[in-house]
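For reference, the structure discussed in these notes is given below.
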Amino acid sequence: MTEQYNLQQALLCDYDQTWSKNGISGERIAKRLHELSKIGLTSQNGVSRVGFSPLEQQAKVLVMDWMKNAGMTVTQDGAGNVVGRIAGQNNNIPSIASGSHVDSVPEGGHFDGPLGVIAALEVVEAWKEQGIIPLKPYEVYVFTDEEGTRFSGGLTGSRAMTGVIDMNNQVTLKDVDGLTFEEVLATTGKTLEGFTKAKRTNLGIERFIEIHIEQGKILENANLPVGIVKGIAGPSWIEFVFEGKAGHAGNTPMDDRQDALTAASELILNIEKAPSKVSATSVATVGKIQVEPNGANVIPGKVSLITDIRDINEKTRDQIVSNIVNKAQEIAMSRNINVTITEKMRTPPVPIGEEMTEILNGVFNDMKIDKQYLVSGAGHDAMMLGALIPVAMIFVRSKDGVSHNPAEWTTLIDCTISAHVLKQAIEKCMEL
């Protein structure tokens, strides 16, 4: 960590000590965010800690050490998911759980994922200081590869644990370096056999709550530190590979070209317009594209792109996907080139149930925080568990709505308030 960039100092300078009570420590939260920020720190003061990398595992090991020091029993499954567990007064029942992830996008920020992990662990630290043994078992989860950067398909650890991952497709995946999924697993000491064994026939979790930064401006505009998520949009990732014919940029007439990039470009412009034709809550993005042979004087012969389509309504999301797929086929036919279409991921949206919402409503009332309800456009590990058990999410204010960027920022006051909210929500879940 350079002297010019110290996340702990920056956080502590905006910390209001009046929130340091009930066992929750803002200083500890700041220190741990700082320690994680060192792992994969970039020259731009962001972080690059992609899933299934040695850096992601290094961050998990650091969290596992904190868990052990807090008195938790710690395990890691074949998918790399970390579970820290503390026994309850009644220990032979499903746990109440919380957590998030520690992987990042390339050149990402320091709060997306780590805040949810550290806040979940802070609940245990607070109980330890107060001498409290929870009524039920409590678990803290660190899920693998939530962002999906390595293989263009996120939520890998939580999908593996809940058993919805398609292993026939997973084994065919390769990263940008040409390494297969199995080869990448091996770099972190994992195997395909172990990965498949991460699937649970019984989750063993009664309820799950995830803390996450908002990644938007609603809370900032409302001048509120935290908000209650009412639903999580379901993402669909589709890969389109256009194959035309590479040729000399100077010697190939314009009317005799099979340009894969112009075909891809036409589709991208259509993708931009597709959501508004179907749903006011949908979004569609092309964030990854590869051009071959990628020469300044060569007509592109092959272009691969991935589109991310999301909505809180599954029916409208799937209609947009269908419309885009049909358009890609139409473009390819009109330009006399081939297109291969592969679904990389399709996850149903997850509404948050009334019971979990009421638990958070009660906490907000107790803490005298005005309630702001939000919809999550981003996918989170909570949505994978939400198909099987009751889940909730608490969003924390993001400065300027910036995320997936070194400028990503959430004040320590807001981080600490979120830990207080989580602790009280967990304790209410314990009483049910």
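When reading the values below, keep in mind they use all heavy atoms of this one structure, side chains included, and skip hydrogens, waters and symmetry mates. Quick caveat: nothing in here was measured; it's all calculated off a predicted structure.
Without hydrogens or angle criteria, Asp318 side chain to Lys315 main chain gives no donor-acceptor distance under 3.5 Å. Side-chain N or O atoms of Asp77 include one that pairs as donor or acceptor with a backbone N or O of Ala79 at under 3.5 Å. Looking at Thr416, its side chain does come within 3.5 Å of a backbone N or O of Leu412 through a donor-acceptor pair. For the pair Thr281 (side chain) and Asp311 (backbone), a donor-acceptor distance under 3.5 Å is absent. At distances below 3.5 Å, not a single donor-acceptor pair connects side-chain atoms of Asp400 with backbone N or O atoms of Val402. Ser265 places a side-chain N or O within 3.5 Å of a backbone atom of Leu261 that can act as its donor or acceptor partner. When atom types are taken as modelled, the side chain of Glu147 and the backbone of Val50 share no donor-acceptor pair closer than 3.5 angstrom. No side-chain donor-acceptor contact under 3.5 Å links Ser98 to the backbone of Val140. In this structure a side-chain-to-backbone donor-acceptor pair under 3.5 Å is present from Gln89 to Ile133. Without hydrogens or angle criteria, Arg49 side chain to Ala59 main chain gives no donor-acceptor distance under 3.5 Å.
We find the CD1-CD1 distance between Ile211 and Ile417 to be 11.0 Å, quoted to the nearest 0.5 Å. Note that CD1 of Ile96 is 14.0 Å distant from CD1 of Ile86, once rounded to the nearest 0.5 Å. Note: Leu422 CG to Ile394 CD1 = 5.5 Å, rounded to the nearest 0.5 Å. Atom-to-atom distance recorded for Lys327:NZ and Asn323:CG is 10.5 Å, nearest 0.5 angstrom. To the nearest 0.5 Å, the span separating CG on Leu36 from CG on Leu115 amounts to 11.0 Å. Put simply, OG on Ser152 and CD1 on Ile238 are 12.5 Å apart, with the number rounded to the nearest 0.5 Å.
Taking both residues in full, the closest heavy atoms of Gly362 and Lys428 are given as C-CE, 4.1 Å, listed atom of the first, atom of the second, then distance. Of all heavy-atom pairs spanning Ser398 and Thr410, the tightest one is CA-OG1, 4.1 Å. When every heavy atom of Val396 is checked against every heavy atom of Ser418, the shortest pair comes out as CG2-CB, 3.5 Å. The two residues Glu122 and Gly23 come nearest to each other via the heavy atoms OE2-O, 3.7 Å. For the pair Met430 and Trp127, the tightest heavy-atom approach, listed with the atom from each and the gap, is CE-CH2, 3.8 Å. Between Gly113 and Ser100 the shortest heavy-atom distance is O-CB, 3.4 Å.
No option in Thr144, Asp65, Asn81 other than Thr144 meets the side-chain hydrogen bond (donor to acceptor under 3.5 Å, both in side chains) test with Lys60. For the side chain to side chain contact (heavy atoms under 4.5 Å, CB included) with Phe240, the lone residue among Val303, Ile331, Ile324, Thr340 that qualifies is Ile324. Of the residues Ile228, Ile209, Val363, the one that meets the side chain to side chain contact (heavy atoms under 4.5 Å, CB included) test with Val421 is Val363. When Ile352, Leu155, Val391 are each tested for a side chain to side chain contact (heavy atoms under 4.5 Å, CB included) with Met383, only one passes: Leu155.
Glu220 has no carboxylate O lying under 4.0 Å from a charged side-chain N of Arg397, or vice versa, which leaves the two without a salt bridge. In this structure, Glu193 pairs ionically with Lys197, as a charged nitrogen and a carboxylate oxygen lie closer than 4.0 Å. Ion pairing of Glu182 with Lys190 is absent here, as no side-chain N (NZ or NE/NH1/NH2) approaches a carboxylate O to less than 4.0 Å. Of the charged side-chain nitrogens involved, none lies within less than 4.0 Å of a carboxylate oxygen, so that Glu35 and Arg32 do not count as a salt-bridged pair.
In this structure, Ser158 and Glu146 have side chains that are not in contact, with every pair of non-hydrogen atoms separated by 4.5 Å or more. With a 4.5 Å cut-off on side-chain heavy atoms, Pro106 and Thr149 count as touching. Looking only at side-chain heavy atoms (C-beta outward), Arg159 and Thr156 come within less than 4.5 Å of each other. The closest side-chain heavy-atom distance from Leu203 to Ile389 is below 4.5 Å. Lys371 places none of its side-chain heavy atoms less than 4.5 Å from the side chain of Leu360. By the 4.5 Å heavy-atom criterion applied to side chains, Lys136 and Pro94 are not counted as neighbours. Using a 4.5 Å heavy-atom threshold, the side chains of Pro137 and Ile93 count as touching. Leu385 is not listed as a side-chain neighbour of Glu210, based on a closest heavy-atom distance of 4.5 Å or more.
Checking Asn22 against His420 by side-chain atom types alone, no donor-acceptor pair falls below 3.5 Å. Side-chain contact, His101 with Asp145: no donor N or O sits under 3.5 Å from an acceptor N or O. Under 3.5 Å, the side chains of Arg85 and Ser95 contain no donor-acceptor pair of N or O atoms. When only modelled atom types and interatomic distance are considered, Glu408 and Ser403 share a side-chain donor-acceptor pair under 3.5 Å. Side-chain polar atoms of His34 and Gln8 form no donor-acceptor pair below 3.5 angstrom. Side chains of Asn361 and Glu358: a donor on one and an acceptor on the other come within 3.5 Å. Side-chain N/O atoms of Glu214 and Gln372 include no donor and acceptor closer than 3.5 Å.
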Derivation of the side-chain contact (heavy atoms from CB on, under 4.5 Å) call for Met161 and Tyr141
CA-CA 11 Å; Met161 194 179 84; Tyr141 281 76; 3.8 Å; yes
Run Glu427 and Lys423 through salt bridge (charged side-chain N to carboxylate O under 4.0 Å, His left out) and show every step you take.
CA-CA 6 Å; Glu427 289 170 349; Lys423 180 174 183 284; 2.8 Å; yes
If you apply the rule side-chain contact (heavy atoms from CB on, under 4.5 Å), what do you find for Val47 with Ile39, and how did you get there?
CA-CA 7 Å; Val47 63; Ile39 303 173; over 6 Å; no
Could you go through Gln57 and Gln76, starting from their C-alpha distance and side-chain angles, then the distance that decides it, and tell me whether this counts as side-chain contact (heavy atoms from CB on, under 4.5 Å)?
CA-CA 11 Å; Gln57 181 61 20; Gln76 187 171 24; 3.0 Å; yes
side-chain contact (heavy atoms from CB on, under 4.5 Å) between Ile426 and Tyr138, worked out
CA-CA 9 Å; Ile426 293 294; Tyr138 175 66; 3.8 Å; yes
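Residue-environment remark: CE (Met167) exceeds the threshold of 12 foreign heavy atoms within 6.0 Å. Remark: Glu183 CD is packed, more than 12 non-hydrogen atoms of other residues, nucleotides or ligands lying under 6.0 Å away.
By the 30° and 60° cut-offs, the orientation of the rings of His380 relative to Phe395 is perpendicular. Under the 30°/60° scheme for interplanar angles, the aromatic rings of Phe52 and Phe195 are found to be tilted.
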